[in-house]
Q: 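Have a look at the structure that comes next, please.
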Number of protein chains: 2
Amino acid sequence: MYDRPNTLDAFASDSCSSAVQGRGESSPATLEQLLEGLPLSRRRLKRRQHVFRAGQPRHGLYLIHSGFFKTRVISEDGREKVTGFRLRGDLLGLDALDLPHYTCDAIALDMGEVWELPIAYLRDRVPEFQDRLTAALASEIRRDWNWMLVLGSLNAEQRVVSFLLDLSTRLSALGFSSTSILLRMTRADLGNFLSLQLETVVRALHRLQAQGLIAVDRRQIRIVDPARLRAQLTVPAIH
Amino acid sequence: MYDRPNTLDAFASDSCSSAVQGRGESSPATLEQLLEGLPLSRRRLKRRQHVFRAGQPRHGLYLIHSGFFKTRVISEDGREKVTGFRLRGDLLGLDALDLPHYTCDAIALDMGEVWELPIAYLRDRVPEFQDRLTAALASEIRRDWNWMLVLGSLNAEQRVVSFLLDLSTRLSALGFSSTSILLRMTRADLGNFLSLQLETVVRALHRLQAQGLIAVDRRQIRIVDPARLRAQLTVPAIH
DNA sequence: CGAGGCATTGAAACCCTTCAATGAGTGTGG
DNA sequence: CCACACTCATTGAAGGGTTTCAATGCCTCG
């Protein structure tokens, strides 16, 4: 019998891509370390500034060096969907790797810096680069599928819990506190990502606080009881 | 001003990956043509048979030669999510390209045949293979994002319409009728994919039939009025 | 200090889910 | 060849979680 991937475990393992096919023995753990010393063009971004927009000619791939970003797609008739929140080490533009134009918007939620990666150049000079790229692409697919599972089978409160735990894990992996979380996105962005109305997000956070699982102070979230918070995901899987 | 990708257009353009970065002039349009003549191990599958299961050691990638498949992920506590329905030309196992084990189940919905692609071998011998792989991965990400958008912003009826139009487009690209569609999956599978209960799918199909947009006969669907069906997606974007 | 963006809260409405029962189609075994 | 079993689809009714709409409050910034 084989182990089935746990939703949360899958999230966690994806945050720092581990087992890349064909990778040699010891090598830099992060893409950033791998690219250290290369003359990459860096770009600083302010709040609400776009790294790129859907439809623009694709230049390269962007590696987040610092800051907090969101990616989103917008349909012809204006419906928007936040496809993810991206942190240091994440790549922006993966979805358009085979296209001449970007297909999503990448927007800074606060100040940040990205490094532009010249794909063709790196593919030729950095042996591991192609494998890293493949790993990042596959990882994004798994991430998307996990969120589709979450959105399709959990209620509002559980979705918010999933989000908080995921963010906590990712921030923790970057060396930040796993219990003190500063949300950089609006309630509307969060709701959009979780396929909920912003009021529903507010009420879910409120209920979680009332249960003593978290403490909410505007965008500052403190995880009071991680264990019971996690336990919320295994209770009556309503919906 | 740049064009934003239309949901449906995006679906359509993804069905036959077109502009692969760095691809030369004339070359086989499909992966299958590219691999013609190579000694690939083929595998016939019966209804309900698994191509692979999550957790199994990853062998290679599978190219669907014929048949109708579904992929799904299952969480630790048994929640299931159908992540897609796959047709001829689609690849199975992309999500685990960087992992030693598969992360989803791939299941035949009727009789079919898949070709097992030895990745490392093909990467070395077939120049275009890596680019095709990248294109397939990025394409899957765009596909997932588009479905996330659909599920997050459209009501039950519109989701079913989106599904029918998408399937119609894909079947059409394979040379099948675009108006006479045989659903190979159960209402439950379809509902799971669309994040709806099977009863809701039934009722949505019923209403679409009542409006004269489609004709439903068990799993046989006939698209009576494609234009008005498409128009359903631009009306009161409820939700 | 007013303006604006964002968050909160309440109440009503609604779409979808849930539960239950029936029906249709298929396959198998006596 | 028919009957039983089983899977899948259909339909109805009730309930409920989210949405929708509206109003208020809070904080930041010019």
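By convention in this document, chain letters (A, B, ...) are assigned in the order of the sequence lines, proteins followed by strands, and residues within each chain are numbered from 1.
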Q: Restricting to side chain to side chain donor-acceptor pair (under 3.5 Å), what partner residues turn up for A:Arg47, sequence neighbours left out?
A: none
Q: Could you tell me which residues satisfy side-chain contact (heavy atoms from CB on, under 4.5 Å) with A:His65, sequence neighbours excluded, listed by chain and number?
A: A:Glu32, A:Arg88, A:Glu113, A:Trp115
Q: Tell me: CG of B:Asn155 to C1' of C:dT17, nearest whole Å?
A: 15 Å
Q: Using a 4.0 Å heavy-atom cut-off, write out nucleotides 3-10 of chain C from 5' to 3' as B (base contacted by protein), S (sugar-phosphate only) or - (no contact).
A: --SSSBBB
Q: What is the distance, rounded to the nearest whole Å, between atom CG of A:Leu194 and atom P of D:dG17?
A: 19 Å
Q: Got a sec, which residues hit side chain to side chain donor-acceptor pair (under 3.5 Å) with B:Arg187, two or more places apart in sequence or on another chain?
A: none
Q: Quick one: B:Gln158 CD to C:dC15 C1', roughly how many Å, whole number?
A: 12 Å
Q: Between P on C:dT26 and CG on B:Asp110, what's the gap in Å once rounded to a whole number?
A: 15 Å
Q: Just to verify, what does B:Gln49 make a side-chain contact (heavy atoms from CB on, under 4.5 Å) with, not counting sequence neighbours?
A: B:Leu45, B:Lys46
Q: Going by salt bridge (Lys or Arg N to Asp or Glu O under 4.0 Å), name the pairs with one or both residues in residues 207-217 of chain B, residues two or more places apart or in two chains.
A: B:Glu157-B:Arg207
Q: Round to the nearest Å and state the distance from A:Leu183 atom CG to D:dC27 atom P.
A: 17 Å
Q: Does A:Gln211 offer a backbone N or O that forms a donor-acceptor pair with the side chain of A:Arg228 under 3.5 Å?
A: yes
